[in-house]
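First comes the structure, then the notes that go with it.
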2 protein chains.
Amino acid sequence: MGHVNRDIEKAATDVGQQPVAIGRQGAVTIYDVARHAGVSPSTVSRALGKPGRISARTERRIQDAAAELGYRANPMARALPTGRTQTLGLIVTDFTNPVYFDLVRGAERAAAEAGYTMVLAESQESGAAESNAVERVRPLVDGFVLAAPRLDDEALTAIAQDTSLVLVNRAVTGIASVVVDVRTGLSAALDHLRAHGHSSIGYLSGPARSWINARRWEVLMEEAPRRGMHIVEIPTTEPTLVGGRDALPRVRAAGVSALVAYNDLIAIGLLREAQATGLDVPGDLSIVGFDDIFGAELVTPELSTIRVPLGALGEAAIRVLIGRVDPETHEPAKAEFVPRQSTGPARSR
Amino acid sequence: MGHVNRDIEKAATDVGQQPVAIGRQGAVTIYDVARHAGVSPSTVSRALGKPGRISARTERRIQDAAAELGYRANPMARALPTGRTQTLGLIVTDFTNPVYFDLVRGAERAAAEAGYTMVLAESQESGAAESNAVERVRPLVDGFVLAAPRLDDEALTAIAQDTSLVLVNRAVTGIASVVVDVRTGLSAALDHLRAHGHSSIGYLSGPARSWINARRWEVLMEEAPRRGMHIVEIPTTEPTLVGGRDALPRVRAAGVSALVAYNDLIAIGLLREAQATGLDVPGDLSIVGFDDIFGAELVTPELSTIRVPLGALGEAAIRVLIGRVDPETHEPAKAEFVPRQSTGPARSR
DNA sequence: CGACGTTTGGCAACCGGTTGACACAATGCC
DNA sequence: GGCATTGTGTCAACCGGTTGCCAAACGTCG
């Protein structure tokens, strides 16, 4: 295939004019190393990949040659016969949602540490886009992580059929997943609210198709009555600042004195809208967020929230994916209530 | 190599026990399509890749066969002879810095639109880690984007030698880059401050090795004197909330009434620390941030800032990288001053 | 000193595509 | 009808690794 090479070289000389994407051309191959060390290519492959298979002396000589020439294996060429690419995928619903910053970072850290590279895609909160992203990423990776997937159980099971898959904050039988135990955090938040005299609280819910939303509501439904508190679900239009803002009329109508939100964005949106209409937080309304994203501490009053260890979650997902951790025995991380200033005693009106 | 396949199948049946990362095994190849359509594999390759080279009738037949079998080209196998992987890299200094959310999103959008996949890496604000990330990503991609690189010009030039590279917010002669024109935004901010009676302002600077930091300072040094304002550089320890917080003593010592910060994180850190020590913002101190990240609007008072179109910047970087846009003729995006509540008249003390 | 077992290294096939060169029509022209 | 021309499809080599199998070299022991 002298031809391909010629084309590539031609493209290379054109660069500077236009940054056409071209592969690195002059790369050192095992053939170069083999020639340099006076052995056959297969011996090089084994020396570098199978410790012990080759005599120590030859192995040493080959390693020296490789180092001298600056040899780096071509991952693509390796992937072809082995089927492993040493890359992992991560698909999130929305990059600009701060929840994912730490998740992405945790995942990237764990992957890099284990010698994997991350490829990233966004699914825009839509099942169709998610399906698309999955198909684009799938052939490239050894497996991937789906954060808060919007696809239904059936579709996910089909995907897991021939690609390894780990879900974050979603449980589907037969598919590995990492979830956070929200009960301790929610219980602590409820105790805190009750101690401040709140007996009737609202839950500003998240997307209807979100598993984690259902889970949070479920736990609240168990834990609130147990404490003799009333709880009511107040739907939001979207899990964002706007969704929180738009929910204020419904919150006032519901007549609750304290709220737990599906996430911090909703909580902050509501908090700011409440203030804008003259309500005092926490005097008139106590608000508890969820996730402890960047920004929760920046609002005034600072947002009380249930912290989810997102970085650890991302890391755990990758560890499970590459088989370092057994998802069965792995203890789920626990969410933790972080009281700040947006919760306090109910003011008698 | 029947052996490899056997191994893979064996691994596949083991799944469920342990999610070992395995390639998709049963994938449809051009050989399957060729057999199904009654032509040779090379004809399939051409029918799918080179429109016109094959007669319309056969092309149609092959496309039908491909669709029926659900054929998807193996990107790895394609990358080997062509040298193009259809993936692009993006390396940022710090994932948890909100500046990058929009940048990443813009880049991912543009890449997905053009049929590319993004791989992501973090360089931890360190030249060594950056170099590492570059080497890990390089063999995998057709080119990559380096956001705010910490490497020196020489190293960058060496990299650009045999991989296409686009820099964000950094100019190095001979390397394509996308930058934001900060002059209009900074000028507007200075005008705004002068109109409020500020005549002596400080610049809370960013990392010493950051090109964009130098650029911002340079423009301030030109524009402030032109308006008859004094300007002084106040160094920070790191471009984060903590760095801003720690800078307060130096700010007080400098005796300025208004500040422009290298980024919003520093600005917010300072703002909160100032309030914590009893200072009024903007009464005692006017603060202007940079970037307009998520969170700038959440603090009280809301942060006045110079908005940088980060999403557009990420998109532009990718477009330049894949040759859709000529970096020469491409008009740089302009930063824009967004007055909010953290700037106001200097209170007479 | 020869039979035998164990290392050690090389050969060649293969992963799944791409593409130059070529053979074999089918067509056009004189 | 013969010849050049154009169109269409196939052959085979190649990208850069991995690995089953085999042969040569080596060491051991009776």
Side-chain angles (χ1 to χ4, degrees), chain A residues 1-10 22-35 37-62 66 69 71-86 139-140, chain B residues 1-10 22-35 37-62 66 69 71-86 139-140:
Chain A
M1 189 175 328
H3 180 262
V4 169
N5 271 337
R6 226 183 305 128
D7 266 4
I8 287 176
E9 276 151 29
K10 186 163 148 295
I22 55 156
R24 45 171 208 167
Q25 68 270 40
V28 179
T29 72
I30 52 168
Y31 295 88
D32 301 323
V33 177
R35 205 172 323 115
V39 293
S40 91
S42 48
T43 307
V44 174
S45 172
R46 280 192 255 261
L48 269 30
K50 299 234 149 60
R53 176 64 176 75
I54 296 296
S55 76
R57 246 172 51 79
T58 333
E59 196 171 316
R60 178 106 213 94
R61 190 150 45 94
I62 290 172
L69 294 165
Y71 168 76
R72 311 216 55 177
N74 178 334
M76 244 70 66
R78 174 171 289 160
L80 206 39
T82 59
R84 347 190 90 111
T85 61
Q86 294 288 108
L140 233 48
Chain B
M1 188 175 333
H3 179 261
V4 168
N5 271 337
R6 225 183 306 126
D7 266 5
I8 287 176
E9 274 151 29
K10 185 163 148 296
I22 55 156
R24 44 170 209 167
Q25 69 271 40
V28 179
T29 73
I30 53 168
Y31 296 87
D32 301 324
V33 176
R35 206 172 324 114
V39 293
S40 92
S42 46
T43 306
V44 173
S45 171
R46 279 195 250 262
L48 268 30
K50 298 237 149 55
R53 176 67 176 73
I54 296 296
S55 75
R57 246 173 50 82
T58 334
E59 196 171 316
R60 178 107 214 94
R61 189 150 46 93
I62 291 172
L69 295 169
Y71 168 75
R72 310 216 56 176
N74 178 332
M76 244 69 67
R78 174 172 288 162
L80 206 39
T82 60
R84 345 191 90 110
T85 60
Q86 293 287 108
L140 231 51

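Nothing here was measured: the structure is a model prediction, and the numbers come from that model. Reminder, nothing fancy here: chain letters follow the sequence lines and each chain counts from 1.
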Once you round it to whole Å, what is the distance between [atom2] of [N] and [atom1] of [X]?
X: Ile62(A); N: dG9(C); atom1: CD1; atom2: P; value: 7 Å
X: Arg35(B); N: dG17(C); atom1: CZ; atom2: C1'; value: 15 Å
X: Gln86(B); N: dG17(C); atom1: CD; atom2: C1'; value: 14 Å
X: Ile30(B); N: dC14(C); atom1: CD1; atom2: C1'; value: 14 Å
X: Arg61(A); N: dT8(C); atom1: CZ; atom2: P; value: 13 Å
X: Leu80(B); N: dC14(D); atom1: CG; atom2: C1'; value: 9 Å
X: Leu48(A); N: dG9(C); atom1: CG; atom2: P; value: 14 Å
X: Leu140(A); N: dG16(C); atom1: CG; atom2: P; value: 16 Å

Report yes if a donor N or O on one partner sits less than 3.5 Å from an acceptor N or O on the other, where the partners are the side chain of [X] and the base of [N]; otherwise report no.
X: Arg46(B); N: dG17(C); answer: no
X: Arg53(A); N: dG9(C); answer: yes
X: Ser42(A); N: dC11(C); answer: yes

### Message
Ignoring hydrogens, what is the shortest heavy-atom contact between Ala34(A) and Pro41(A)? Give both atom names and the distance.
### Response
CB-N, 3.6 Å
## Note on the structure
Minimal heavy-atom distance between Ala27(B) and Asp32(B), with the atoms involved, is O-OD2, 4.0 Å
### Task
Select from Thr58(A) and Tyr71(B) the residue whose nearest nucleotide in DNA chain C is closer to the 5' end of that strand.
Thr58(A)
### Query
If each of Gly52(A) and Tyr31(A) is mapped to the nucleotide of DNA chain C with the nearest heavy atom, which maps nearer the 5' terminus, i.e. the 5' end?
Gly52(A)
With a 4.0 Å cut-off on heavy atoms, is [X] in touch with a base, just the backbone sugar-phosphate, or nothing at all?
X: Val39(B); answer: sugar-phosphate
X: Thr29(B); answer: sugar-phosphate
X: Ser55(B); answer: sugar-phosphate

### Message
Using side-chain heavy atoms (C-beta onward) and a distance below 4.5 Å, is Val33(A) in contact with Ile62(A)?
### Response
yes
### Worked check of side chain to side chain contact (heavy atoms under 4.5 Å, CB included) between Tyr71(A) and Val44(A)
CA-CA 11 Å; Tyr71(A) 168 76; Val44(A) 174; 5.7 Å; no
### Message
Counting only side-chain heavy atoms from C-beta out, which of dT19(D), dC11(C), dG16(C) sits nearest to Lys50(A)?
### Response
dT19(D)
### Query
Nearest of dC15(D), dT18(D), dG17(D) to any side-chain atom of Ala77(A)?
dG17(D)
### Query
Counting only N and O atoms by type, is there a donor-acceptor contact under 3.5 Å from the side chain of Thr85(B) to the main-chain atoms of Leu140(B)?
yes
### Query
Between Thr43(B) and dT10(D), is there a side-chain N or O to OP1/OP2 distance below 4.0 Å?
yes
### Summary
Nearest-nucleotide check on DNA chain D, Ser45(A) vs Pro41(B); residue mapping nearer the 5' end is Pro41(B)
